[in-house]
Chemist: 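Here it is: the structure, laid out below.
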2 protein chains.
Amino acid sequence: MDRLDSSLIALRRILRATELFGRELKQAAGITAVQFRVLQIIAETGQVTAKEIAQRMRVSQATVTSLVDKLVRDGMAVREKSALDRRQTNILVTDKGRQTLSEAPDPLQQRFVRKFSELDDWEQAMMVANLERVAAMLDAEDIDAAPVLHTGDIKRATDA
Amino acid sequence: MDRLDSSLIALRRILRATELFGRELKQAAGITAVQFRVLQIIAETGQVTAKEIAQRMRVSQATVTSLVDKLVRDGMAVREKSALDRRQTNILVTDKGRQTLSEAPDPLQQRFVRKFSELDDWEQAMMVANLERVAAMLDAEDIDAAPVLHTGDIKRATDA
DNA sequence: TCCGTTACTTCGCCTATCGAAGCAACTGGA
DNA sequence: TCCAGTTGCTTCGATAGGCGAAGTAACGGA
């Protein structure tokens with residue numbers, strides 16, 4: 001089954017690339033891919049609750065606490081008690097966080113964007129169709145996937 | 001750029017699927033994806049040196065030591081000083097390790113294999129071509145990728 | 001013999017992640 | 001009104017993966 005191997009190898013290369021770029025991101029921007037993803041989620045709407053981050057990233061609240069701790073420590077985000085429901089904590093992105101987001105764009109995504117743009121129209125269409133098909137084959141259809149790459153940057157909208 | 005978004009989303013779904021299945025593997029087989037990958041490398045030839053594992057997985061030797069420690073602790077592998085060069089340590093897979101490998105096949109890979117096999121011939125060919133193209137776009141061409149999926153299961157043959 | 005290199009381990013450190021336990025605040029009864 | 005249960009978050013203690021630096025042992029050449 002030669003083509004099967006080829007496709008699996010290609011998939012692994014794709015995974016590998018995302019992993020390596022996660023490391024690059026960390027070195028270049030001083031922020032890990034996971035923290036970057038948290039920052040993105042915060043910045044989307046300007047503020048979110050810890051629970052929402054946990055749900056979207058599919059990690060526990062305990063994990064979110066520690067991730068936000070690091071962002072706060074590094075001045076990327078701040079916590080603020082919600083006035084409406086004081087159990088909740090709103091997490092806000094700071095100027096520095098916003099700056100980090102804009103200055104440390106995902107190199108993997110950038111590379112992909114650039115090369116994708118260079119494709120012919122029909123090639124783009126075909127590639128989209130194929131990637132979606134592969135995703136479906138991996139049974140990942142119920143995933144709430146925002147258009148950002150990162151191994152750690154993965155979430156699901158509605159849970160089982 | 002609608003198609004760009006679609007393709008990025010599909011990619012993220014693929015990454016997400018691999019991550020989720022890593023967690024499944026851990027629960028089902030009691031072994032993490034990374035350790036599983038180490039075990040695979042050992043089992044390929046029956047024995048390898050720590051250095052080889054480090055190179056193939058692209059992690060430091062210190063990391064390999066700790067990974068192998070866990071495999072040894074769990075009875076999956078054993079260390080054995082090389083007779084030829086006593087600086088080297090050969091790592092061997094045990095029966096239990098072999099059993100784990102065979103009984104805990106990658107569910108993600110299995111799913112992909114099954115669905116891939118159901119495709120028409122021309123569909124398979126097209127999918128391979130597309131995946132390889134995506135991998136190339138991510139600049140992952142120099143990667144020594146064995147046909148096994150797993151986020152943590154990623155390596156590179158020749159380094160920069 | 002001795003010095004440099006190689007192979008591996010140890011040590012200390014970091015991040016990501018979790019479950020359980022704890023605490024504070026909201027909410028629905030009675 | 002007040003208590004009990006739920007909800008949101010943090011704290012605590014673990015585990016895993018990962019790294020660099022330092023340490024140890026063995027090889028190998030001069």
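Note on naming: letters A, B, ... go to the chains in the order of the sequence lines (proteins, then strands), and numbering restarts at 1 for each one. Bear in mind that the values here come from a model prediction, so they are computed numbers and not experimental data.
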Chemist: When the distance from CZ of R37(B) to C1' of dG18(D) is rounded to whole Å, what number comes out?
Modeler: 18 Å
Chemist: D85(A) side chain to R87(A) main-chain N or O, any donor-acceptor pair under 3.5 Å?
Modeler: yes
Chemist: Tell me if the CG atom of D120(A) is crowded by more than 12 foreign heavy atoms within 6.0 Å.
Modeler: yes
Chemist: For L84(A) and for D74(A), locate the closest nucleotide of DNA chain C by heavy-atom distance; then report the residue assigned to the nucleotide nearer the 5' terminus.
Modeler: D74(A)
Chemist: Reading DNA chain C from 5' onward, which residue's closest nucleotide shows up sooner: Q35(A) or S82(A)?
Modeler: Q35(A)
Chemist: Whole-Å distance between dC18(C) C1' and R58(A) CZ?
Modeler: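 About 13 Å, once rounded to whole Å.
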Chemist: State whether a side-chain donor-acceptor pair under 3.5 Å links S66(B) with T63(B).
Modeler: no
Chemist: Keeping the roles fixed (side chain from Q124(B), backbone from F116(B)), state whether a donor-acceptor pair exists under 3.5 Å.
Modeler: yes
Chemist: Across nucleotides 7-14 of chain C, 5' to 3', mark each nucleotide with B, S or - according to how protein heavy atoms within less than 4.0 Å reach it.
Modeler: SBBB----
Chemist: How close or far is atom P of dA16(D) from atom CG of L71(B), stated in whole angstroms?
Modeler: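 The answer, rounded to whole Å, is 11 Å.
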Chemist: Would you say K51(A)'s side chain and Q88(A)'s backbone share a donor-acceptor pair under 3.5 angstrom?
Modeler: no
Chemist: OP1, OP2 of dC18(C) versus side-chain N and O of T63(A): anything below 4.0 Å?
Modeler: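 Looking at the OP1 and OP2 atoms of dC18(C), one of them is under 4.0 Å from a side-chain N or O of T63(A).
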Chemist: Taking CD1 from I53(A) and C1' from dA16(C), how many angstroms apart are they, rounded to a whole number?
Modeler: 15 Å
Chemist: When you look at M57(B) and V34(B), which way does the side-chain contact (heavy atoms from CB on, under 4.5 Å) test go after all the steps?
Modeler: CA-CA 9 Å; M57(B) 293 186 67; V34(B) 171; 3.9 Å; yes
